[in-house]
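One structure below.
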Amino acid sequence: MVTSASNFTRRLAKPRLGVIQIVFFVVAASGPLYAIAGGISTTYAITGIIGVPVAFVILAPILALFTVGYGVMSKHITNAGAFYPYVANGIGRPAGVAVSFVAVVAYNCIQIGVYGLFGWSVADFLKQKAGIDTPWWLWGLAILLVVGVLGAMRVDLNAKVLGVVLVLECATIVVIDLAGLLNPAEGNSLAPLDPGNLFVAGVGAVFAFSVAVFTGFEGAATYGEETRDPARTVARATYVAIGLTAGLYAVSSLAMAVGVGPSQIVEQATLNGPGVFFGISGRHLGSTVTDVAYVLFLTSQFASLLSFHNAVARYFFALGREGVLPDALGRTNRRNGSPIVGSLAQSVTALIVVSGFAIAGREPIFELFTWLGVTASTGVVMIMIMVSLSVIMFFRGRGGPETVWQRVIAPALATVLLTAILFLILANFDVLVGTEKDSPLRWILPGLLVLAAIAGFVRSVVLRNSKPAVYAKVGGIGGIH
């Protein structure tokens with residue numbers, strides 16, 4: 001069947017989204033319930049550190065500092081490519097294209113990694129409840145198909161689906177948190193809130209996992225072209241997302257440690273994985289509530305998969321539209337404005353990676369989910385550093401109502417603090433991926449991000465020399481104000 005070119009256009013959907021819908025997308029991308037049950041339990045298990053709640057308390061204001069500059073940039077630049085147009089217009093087009101390649105790798109990693117967690121979660125649930133033994137990859141590939149279909153639909157319909165899922169899972173988190181905090185296993189121990197229990201060997205790994213579960217908060221600008229008032233919506237949605245997720249993660253990680261016992265949380269998280277969080281529900285709320293919570297744990301992963309799929313599809317669209325990647329990626333569905341080719345490209349990429357892990361017999365949580373998740377969080381920190389620097393460069397010599405705090409001080413502080421976190425992550429990368437210090441894997445995974453940046457830089461040079469008209473438009477098609 002040949003598809004007529006008339007079915008495609010070069011524009012996204014008409015602006016339909018407001019602050020609430022964008023919050024649904026970016027918080028759903030973080031997947032609060034899966035981030036808590038899956039991500040935070042993995043953090044305890046792999047790092048062996050009980051001061052995890054303090055990491056979220058520290059990270060939230062750092063991310064808020066980043067958002068100060070990020071937010072004022074969103075008033076001047078509206079582009080589905082989000083980060084890379086900011087860098088292209090701040091530092092320069094070669095840096096912008098380099099960042100765009102890193103972003104594509106990072107966001108594909110975080111999205112694809114969740115297929116491993118989802119597949120394991122469904123397989124484990126069926127085994128526990130019905131005694132049915134199924135391979136994890138079967139469910140990973142099944143949900144991949146569903147996400148691919150929904151990714152081709154109208155963006156505001158996706159927001160409605162994510163909104164319902166998000167409200168239900170947040171309510172579930174609050175109920176289980178209360179059960180854990182009100183029924184401490186070892187008395188009213190506040191050991192997880194002691195900074196001395198965070199700043200120990202391996203602290204960089206805690207920050208890497210913590211950034212990973214936050215990942216998605218910064219994605220509001222990806223939907224800028226589809227929002228009714230991007231100058232205000234992007235910044236507001238990002239601040240709301242940071243506040244909501246930081247509060248949930250800090251309280252939930254504390255409730256998990258208190259409910260199980262600070263002296264037992266690492267061992268229990270290692271033995272039971274996501275089950276350590278649901279074990280609190282099972283002991284104090286009963287099996288029915290726990291089963292409902294576990295189903296919402298699955299839908300939380302689905303919401304994250306769908307949200308990141310949408311974000312990656314828009315990155316592909318923006319890069320294709322501007323000629324950085326193949327032109328076909330810049331096509332959208334004429335009927336509903338969805339980036340149909342970018343959506344298909346993301347689905348095919350996920351299919352190849354998930355199938356590769358399945359054929360190789362790799363473990364879905366501590367390998368597929370963890371390896372790709374920490375690679376993604378490392379990439380996101382790298383990108384945020386570049387964006388913070390770009391804010392300073394963009395506003396240098398430019399008039400406007402922005403204050404010195406917004407133009408220089410906040411982004412400079414964010415640059416310094418995020419760079420410190422990046423060094424901690426790289427220094428502890430062996431802990432993150434569960435290997436020995438001399439394992440090549442600790443260099444291969446972050447090396448993928450470096451290779452992506454180099455490839456992007458080389459691509460920009462090729463464009464500048466061979467297609468100067470295309471190069472001149474990099475980072476500006478969506479709108480520079």
Side-chain angles (χ1 to χ4, degrees), residues 30-60 117 120-121 124 128 169 172-214 245-285 289-290 293-294 297 300 365-366 369-370 373-374 377 424 428 431-434:
S30 300
L33 187 51
Y34 105 77
I36 291 165
I40 293 177
S41 65
T42 300
T43 304
Y44 279 122
I46 290 181
T47 67
I49 294 174
I50 67 173
V52 173
V54 182
F56 294 114
V57 175
I58 293 172
L59 270 177
L117 178 62
W120 178 90
S121 299
D124 184 67
Q128 296 295 328
E169 65 178 282
T172 301
I173 291 167
V174 171
V175 171
I176 297 178
D177 283 352
L178 287 173
L181 292 172
L182 296 176
N183 297 279
E186 298 175 356
N188 296 314
S189 174
L190 296 180
L193 295 178
D194 181 356
N197 286 324
L198 171 64
F199 292 99
V200 296
V203 61
V206 176
F207 279 114
F209 279 116
S210 299
V211 170
V213 298
F214 266 116
T245 53
L248 285 173
Y249 297 157
V251 173
S252 298
S253 56
L254 176 63
M256 195 182 301
V258 170
V260 175
S263 67
Q264 297 296 316
I265 183 60
V266 172
E267 179 183 353
Q268 290 301 313
T270 303
L271 291 174
N272 301 313
V276 71
F277 186 66
F278 298 108
I280 296 172
S281 175
R283 288 192 296 275
H284 305 295
L285 301 174
V289 172
T290 303
Y294 199 90
F297 171 55
S300 174
I365 294 185
F366 292 112
F369 175 62
T370 300
V374 298
S377 65
L424 284 173
N428 291 272
V431 178
L432 288 168
V433 294

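Applying the side-chain contact (heavy atoms from CB on, under 4.5 Å) test to I58 and every residue at least two apart in sequence or in another chain returns V54, I62, L198, F199, F207. With sequence neighbours excluded, the residues satisfying side chain to side chain donor-acceptor pair (under 3.5 Å) with S121 are Q301. Every residue two or more places apart in sequence or in another chain that forms a ring pair (Phe, Tyr, Trp, His ring centres under 6.0 Å) with F278 is listed here: Y294, F297. Partners of L285 by side-chain contact (heavy atoms from CB on, under 4.5 Å), not counting sequence neighbours, listed by chain and number: V175, I176, A179, S281, V289. Taking T47 as the reference, nothing meets the side chain to side chain donor-acceptor pair (under 3.5 Å) condition, with sequence neighbours excluded. The side chain to side chain donor-acceptor pair (under 3.5 Å) test applied to Q128 returns no partner, not counting sequence neighbours. Residues meeting the side chain to side chain donor-acceptor pair (under 3.5 Å) test with S189, sequence neighbours left out: none.
In this structure, T370 contributes its side chain and I365 its backbone to a donor-acceptor pair below 3.5 Å. With hydrogens and angles disregarded, a donor-acceptor distance shorter than 3.5 Å links the side chain of S377 to the backbone of A208.
Taking CD1 of I36 as the reference point, atom OG1 of T43 lies at 11.5 Å (rounded to 0.5 Å).
Between A257 and Y44 the shortest heavy-atom distance is CB-OH, 3.6 Å. Contact detail for P53 and L193: the closest heavy-atom pair is CB-CD2, 3.9 Å. The minimum heavy-atom distance between A255 and I280, with the atom names listed, is O-CD1, 3.8 Å. Across I49 and V206, no two heavy atoms sit closer than the pair CD1-CG2, 3.6 Å. For the pair R283 and G259, the tightest heavy-atom approach, listed with the atom from each and the gap, is NH2-O, 3.5 Å. Minimum interatomic distance between N197 and A191 (heavy atoms only, all atoms of both residues): ND2-O, 2.8 Å.
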Checking side chain to side chain contact (heavy atoms under 4.5 Å, CB included) for the pair V211/L59: CA distance, chi angles, key distance, verdict? CA-CA 8 Å; V211 170; L59 270 177; 4.0 Å; yes
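I40 is listed as a side-chain neighbour of F56, based on a closest heavy-atom distance under 4.5 Å.
Within the structure, the side chain to side chain donor-acceptor pair (under 3.5 Å) test picks out the following pairs touching residues 248-262 (sequence neighbours left out): D177-S252. For residues 264-276, the set of pairs meeting the side chain to side chain donor-acceptor pair (under 3.5 Å) definition, not counting sequence neighbours, comprises Q268-N272.
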